[in-house]
Amino acid sequence: WSGNGAATCAACPSQTSSPEGSDEVTDCTCLVGYTAASDGLQCSACGVGTFKGAVGTAACETCPANSESGPGSALCLCSAGFTGNDGGLCTPCAVGEYKAAVGSGSCTACPLH
């Protein structure tokens, strides 16, 4: 951004970005996964178990049931033992199936003994 007729542009605060031609620090908005009290301020990462999928100062949201996230996440991932699309509904693996990893992977049939 570049304000007050400055000849050079200034960097936006940490974890923010602004569109081309910005002329106010308030044009700097939080990246996805980050939030602040208002535009133009340094943004903080959403905490573990929360996410924010849009730019701006909106609050971070709690992950839905059976999903999780790390700090600064734009979406939540299905927990181990649950399957579904990233950021979507996570359903439990069926009886006789398992999924050891976090994410959108499929459940796998348990081995026969």
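If you're wondering where the values come from, they're calculated on a predicted model, not measured in any experiment.
Clustering of Ile, Leu, Val, Met, Phe, Trp and Tyr by side-chain heavy atoms under 4.5 Å joins L31 with Y34. Other members of the cluster containing V32 are V55, with ILVMFWY side chains joined at under 4.5 Å, either directly or via other members. Its side chain outside the 4.5 Å cluster rule for every partner, F51 clusters with none of the Ile, Leu, Val, Met, Phe, Trp and Tyr residues.
Every residue two or more places apart in sequence or in another chain that forms a side chain to side chain contact (heavy atoms under 4.5 Å, CB included) with T50 is listed here: C46, C60. Shown here are the side chain to side chain contact (heavy atoms under 4.5 Å, CB included) partners of T91, two or more places apart in sequence or in another chain: T83, L89. Not counting sequence neighbours, the partners of S79 by the side-chain hydrogen bond (donor to acceptor under 3.5 Å, both in side chains) test are E68.
Around CG of N85, the count of heavy atoms belonging to other residues, nucleotides or ligands within 6.0 Å does not exceed 12.
Residue pairs meeting the side chain to side chain donor-acceptor pair (under 3.5 Å) criterion with at least one member in residues 92-110, sequence neighbours excluded, do not occur.
Counting only distance, with no hydrogens or angles, the side chain of S69 and the backbone of G49 share a donor-acceptor pair below 3.5 Å. Judged by distance alone, the side chain of T57 and the main-chain N or O of A36 form no donor-acceptor pair under 3.5 Å.
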Cut-off 3.5 Å, no hydrogens considered: what does the side-chain donor-acceptor table look like for residues 70-78, sequence neighbours left out?
residue: S73; atom: OG; partner: G70; partner atom: N; Å: 3.2
residue: S73; atom: OG; partner: G70; partner atom: O; Å: 2.6

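The two residues D23 and D27 have their closest heavy-atom pair at N-OD2, 3.1 Å. S67 and C90 get closest at one heavy-atom pair: CB-SG, 3.9 Å.
Rounded to the nearest 0.5 angstrom, T29 OG1 and L41 CG are separated by 12.0 Å. We find the SG-CD distance between C12 and Q42 to be 12.0 Å, quoted to the nearest 0.5 Å.
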